[in-house]
Each structure stands twice: as C-alpha cells, then as structure tokens.
Amino acid sequence: MSTVLNPPHASTAEYVDQVMQIVKAKNPGEPEFHQAVFEVLDCLRPAMKRHPEYQEAKMLERITEPERVVMFRVPWFDDKSQPQVNRGFRIEMSSAIGPYKGGLRFHPSVNLSILKFLAFEQVFKNSLTTLPMGGGKGGSDFDPKGKSDNEVMRFCQSFMSELQRHIGPDTDIPAGDIGVGGREIGYLFGQYKRLRNEFSGVLTGKSMDWGGSLIRPEATGYGSVYFAVEMLKTRGETLEGKECIISGSGNVSQYTVEKCLDFGAKPITLSDSDGFIYDPEGISREKLAWVMDLKNNRRGRIKEYADKFKKAMYTPIDRKLDYNPLWNVPAQCAFPSATQNEINPKDAKNMLKNGVKLVSEGANMPSALEATKMFIDAKILYGPAKAANAGGVATSGLEMSQNSMRLSWTREEVDDRLHKIIIAIHKNCFETAEKYGQPGNLVLGANIAGFLKVANAMLEQGLV
Ligand code: NDP
C-alpha cells in the first residue's frame, strides 16, 4: 500500500489524490464509502490550498478513518421459535465537535460500506447544523418488512443488548433512518432503559409522551422543502404552482409532500422498492393522509394508491431498464427521498431534458457522482443531501436540548428553530461557495463549510 508523501513535499493536488488512493486501498469492497469520500475530498481542494496546516496535520487521512467501528451478532427467535441471526453495526466516525450522532438503518442491503458512507456524510452534515454534534451511523441487515411486531421487538431487544455498551446520552445518540421509525425507537429505548436502569435522552425520534420532540417526524421532509425555498429565492422564484417529483413513500417523502403543499406546489409522484405512482391531478392532503395510513399503519405497498385513486398510474420497477421512469416524469422540481444512488447519469439527463430546475436531496447521496456533476454543470439549483436533509438531525439536536433541560417546546417553536437552522445552512453553503470561487455550487459550499469546523476542532484538540 502506498503512503502519503511527506506533507511539505506534496502539492495539494497530489496530497488529495494520494489520500483518495489510500482510502480505496485500505477499504476494499466499499464502493459507497469511496464515493462519499471522493466527492468530499474533491471539493476540499481549494480549502486545502488555502490552509496548508491541514495537510501538515494529515487531516484528510484522519477524517476518513472512523474513530471506532463496532460489528456484532444479533441473534433472535422468530414467531416459529426458529433462531435467526443478523449483523449489527455502529460506526463512530467523529466526535470532534460533539458526541456521535446519526441514525440506525434496518434494511437487507445494509453493510459496512453503506454505513461508513452514511457516517462520513453525517460528520459534515452535523457540522453544518450549527449544533454541537459529532457523526455516526449504525444499523443492521435485518428487514422489518413482513415481520410481526413481536419479531421486530425481539430483534430490537437483542440489537440493543449489545449496542447499549457503546452509546449514551453524552457519548453516542442514535436515531431512526430507513426501516427504523417510532415503533423501533420505542423497543430500542425500552431495552436500553431496562439494561442501564436510566431514563435518558440516549435516542432521538422518541414518542411525544416519553421525551420526544414535536416536529421531529416532520423535520427531514420539511427541511428539504425549506432548503428548496431558499435556493429558489436566490433566483427570485417560489415553489407556488411548481410540479414536484418525489421518490420514496416513507418518513421523509410523506412530510416533503406535506410541506410542498403548504408552499402551493403540486407533488405528483411517490414510490417504494416495488414501483412508483404518478398522479397527474396532484397528491392532495386527503390523498397524503391515506398514504400515511397505508405506509405507517397498514404497512402496505404504494401500488394500492393507483387502485384507490383511479386517475393515478402505477409503474412497477423494471430491473432490466438502465434508468428509473420516475425521474422521466416532466416536472420543475425533484425531491429524491428514498435511498442512495437512486439517480444515475441517465436519470439526471432525463430530468434535465424534461425541465427539472431544482433538486433538493431528502435521501442521503441519492445522486451518483456523475449525476451530481451534471446538475452542477447545468447550473440548476442543486441542494446536496448533507445540507438539504440536515433538518432531521438538527431537530434531533433540538430534542436532545429539550431532554437535557427536561422541558418541551411547542410545535411552532421547534418549527421556527428548524426553519432558521435551514436558512443558516443555506446561507453558509452559498457564501462558502462564493468565497472559494465557485458561486452557486452548493456541493462545494456544503463540503468546505462542514469540513472547516471539524478540522479546526481537531487541530485544537491535538492528535487524538
Ligand atoms: P423510510 O424507511 O421511512 O422510507 C424509505 C422509503 O424509501 C420507502 O418508501 C422505501 O420503500 C424506499 N426505499 C428504501 N430502500 C429502497 C431501495 N433500495 N430502492 C427503492 N426504494 C427504497 O426511511 P426514511 O424516509 O427515513 O429515509 C429515506 C431516506 O432519507 C434515506 O436515504 C435516509 O438515509 C434519508 N434520511 C432520513 C432522515 C430521517 O430523519 N428519517 C434524515 C436524513 C436523511 P420500501 O417500503 O419498499 O422499502
């Protein structure tokens, strides 16, 4: 394996390229992690040039190495009394500016690469929120889909039996993500409390009756739309009357639809891992309430939307296609809100051809690297995930504050704080992009602004 040139002898470009190669060599078989690291490091070039002290301190090698990775066995009994075994993870990526903070994902696709990419992204996202939170992520390859409540509970209890050793309200505070909603957070919290004999703010996304925050369920979707509104303002535009294509139909997607409606926009698509619906009449508040019941209570499939609302069309996923027809629906705004790499270069081309002028990423890393580049080159309004979806973790931070103070803020108060945080994040990304010579490039702005705070904290705390 190659090593980095001694910092004084390497140019900034050589240094960044070499760290990318080292990350690839040291983390084989982790394409998502490589992708997330490459995007960030590539954007950091102008900042590294302006701050040679980071290269001297080997800052890039340090931020790409997790502080700690925990991997563990999760055994549980299914309803037929058969033993089952899953793999659990917690990636504690950086505690430079606060305790580790980031969600848990339960999905069969979960592996080390995906969680390391999510934890890495989380470090910069949390830094942008203005709140003191480090970055982490965790989860399991457990699939809650099709499992009974009792099976989900037994899995969560086994998962937490190990995880509880590594987390705590001042150490590491997990939250939800794909496959981890209010039900799972409840079971996880119950087991933590039983084992540790403490009632503390160790998880966020809790239910309102026992320490949760108003607006936390809504926060990521609302935040992604607030971010879109801020981007539009820079061009003297609003969301009013604009058609919006949205992917997913889970937590983020549902509240993205709701906030789009608040701003007078017209949401027209939703999806799940089987296919998508297109409703040319628009997804109204009544239809959204039906979707929420379908997905959150009945745990049904989005296909049923087209059975219920006759003007809507359902298209099943065709894995033979090299593009996703959802992104081929003409619209002015897009809110990818399902999963990573759901927009490939062909999708990006279709979106640009069909009139998309704004992309606000609710999901984490939904656009492939090449698709990201196409959006930047086309100079559309492009809000990268670590900025556009930071409202979720920001409101988790507000939940932590309320837990520490042992009080609850009103809905209006939390929403107002969330809104102000998103406005501040947009301003920071926008101004940083200008300062580093690429006005309008919010990917560059978000990566540099998020990095600077973490890197400076690391310099001040010594080589730890
Ligand atoms: P949910 O589990 O509530 O919903 C996920 C949605 O995406 C479901 O409709 C699901 O369909 C779909 N989906 C998941 N995986 C795939 C896949 N491989 N292919 C196609 N569709 C898929 O999760 P969230 O809404 O919480 O999360 C969505 C995205 O937002 C994720 O990228 C997450 O990391 C990101 N995010 C979430 C935050 C939060 O606060 N919840 C905060 C910041 C980012 P199906 O039901 O068929 O699985």
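FYI, the numbering just counts along the sequence from 1. In each ligand, atom 1 is the first atom listed, and ligand 1 is the first ligand listed.
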Engineer: Go through the structure and list residues passing side-chain hydrogen bond (donor to acceptor under 3.5 Å, both in side chains) with Asn324, not counting sequence neighbours.
Structural biologist: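 If we apply the side-chain hydrogen bond (donor to acceptor under 3.5 Å, both in side chains) test to Asn324, skipping adjacent residues, there are no hits.
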
Engineer: If we only consider heavy atoms of Ser249, is any one of them less than 4.0 Å away from an atom in ligand 1?
Structural biologist: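 So Ser249 counts as touching ligand 1.
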
Engineer: When you measure from the centre of the six-membered ring of Tyr222, is the NZ or CZ of Lys259 under 6.0 Å away and within 45° of the axis?
Structural biologist: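 Because its charged atom sits under 6.0 Å from the ring centre and within 45° of the axis, Lys259 does stack over Tyr222.
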
Engineer: Would you say Arg105 touches ligand 1, if touching means a heavy atom closer than 4.0 Å?
Structural biologist: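 Under 4.0 Å: yes for Arg105.
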
Engineer: Determine whether any heavy atom of Gly176 lies closer than 4.0 Å to an atom of ligand 1.
Structural biologist: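 No, Gly176 has no heavy atom closer than 4.0 Å to ligand 1.
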
Engineer: I'd like to know whether ligand 1 has Arg301 as a neighbour, heavy-atom separation below 4.0 Å.
Structural biologist: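 Yes, Arg301 has heavy atoms under 4.0 Å from ligand 1.
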
Engineer: Between Lys311 and Glu281, does at least one N-O distance fall below 4.0 Å, as a salt bridge requires?
Structural biologist: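 Salt bridge: yes.
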
Engineer: Has Gln340 got any heavy atom lying under 4.0 angstrom from an atom of ligand 1?
Structural biologist: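 For ligand 1, residue contact (heavy atoms, under 4.0 Å) with Gln340 is absent.
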
Engineer: Pick from Lys308, Arg285, Lys295: which one makes a side-chain contact (heavy atoms from CB on, under 4.5 Å) with Trp290?
Structural biologist: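 Going through the options one by one, the only one that passes is Lys308.
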
Engineer: Looking at Lys147 and Asp143, is there a salt bridge between them, counting it only when a charged N and a carboxylate O are closer than 4.0 Å?
Structural biologist: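 A salt bridge is absent here (no side-chain N lies under 4.0 Å from a carboxylate O).
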
Engineer: Would Lys125 count as being in polar contact with ligand 1, using the rule that some N or O on each side must be under 3.5 angstrom apart?
Structural biologist: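 No, no N or O pair falls under 3.5 Å.
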
Engineer: State whether the shortest distance between N or O atoms of Asn389 and N or O atoms of ligand 1 falls below 3.5 angstrom.
Structural biologist: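 By distance alone, the answer is no.
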
Engineer: Indicate whether atom 10 (C) of ligand 1 is within a distance of less than 4.0 angstrom of some protein heavy atom.
Structural biologist: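 No, because not a single protein heavy atom sits under 4.0 Å from atom 10 (C) of ligand 1.
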
Engineer: Under 30°, 30 to 60°, or over 60°: which ring-plane class applies to His34 and Phe38, parallel, tilted or perpendicular?
Structural biologist: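 The rings of His34 and Phe38 lie parallel, inter-plane angle below 30°.
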
Engineer: Is there a side-chain contact between Phe159 and Leu104 in this structure, where contact means two heavy atoms from C-beta onward sitting under 4.5 Å apart?
Structural biologist: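 Of all side-chain heavy-atom pairs linking Leu104 with Phe159, at least one is under 4.5 Å.
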
Engineer: Looking at ligand 1, does Ser396 have a heavy atom less than 4.0 Å from it?
Structural biologist: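 Judged by the 4.0 Å heavy-atom criterion, Ser396 does not count as contacting ligand 1.
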
Engineer: Hey, is ligand 1 close enough to Leu118 that some N/O pair sits below 3.5 Å?
Structural biologist: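 No, there is no polar N/O contact under 3.5 Å.
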
Engineer: Using heavy-atom distances only, which candidate in Thr395, Val252, Asn364 approaches atom 32 (O) of ligand 1 most closely?
Structural biologist: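 Selected option, by shortest heavy-atom distance: Asn364.
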
Engineer: Just going by heavy-atom distances, which of Gly391, Ala390, Gly362, Gly392 is nearest to atom 36 (N) of ligand 1?
Structural biologist: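 Answer by nearest heavy atom: Gly362.
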
Engineer: Any heavy atom of Gly181 closer to ligand 1 than 4.0 angstrom?
Structural biologist: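 No heavy atom of Gly181 comes that close to ligand 1.
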
Engineer: Below 3.5 angstrom, do we get any N/O pair linking Asp274 and ligand 1?
Structural biologist: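 There is no such contact.
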
Engineer: Rounded to the nearest 0.5 Å, what separation is found between the CE atom of Met351 and the SG atom of Cys333?
Structural biologist: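 Those atoms lie 10.0 Å apart.
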
Engineer: Any nitrogen or oxygen of Ser253, side chain or backbone, less than 3.5 Å from one on ligand 1?
Structural biologist: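 No, there is no polar N/O contact under 3.5 Å.
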
Engineer: Supply the atom-to-atom distance Glu65 CD to Leu60 CG, rounded to the nearest 0.5 angstrom.
Structural biologist: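 Between Glu65 CD and Leu60 CG, I get 13.0 Å after rounding to 0.5 Å.
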
Engineer: Look at Lys287 together with Asp279 and state whether they make a salt bridge at an N to O cut-off of under 4.0 Å.
Structural biologist: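 Answer for the salt bridge query: yes.
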
Engineer: Does ligand 1 have an atom under 4.0 Å from some heavy atom of Gln254?
Structural biologist: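 Gln254 does not count as a contact of ligand 1 under the 4.0 Å cut-off.
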
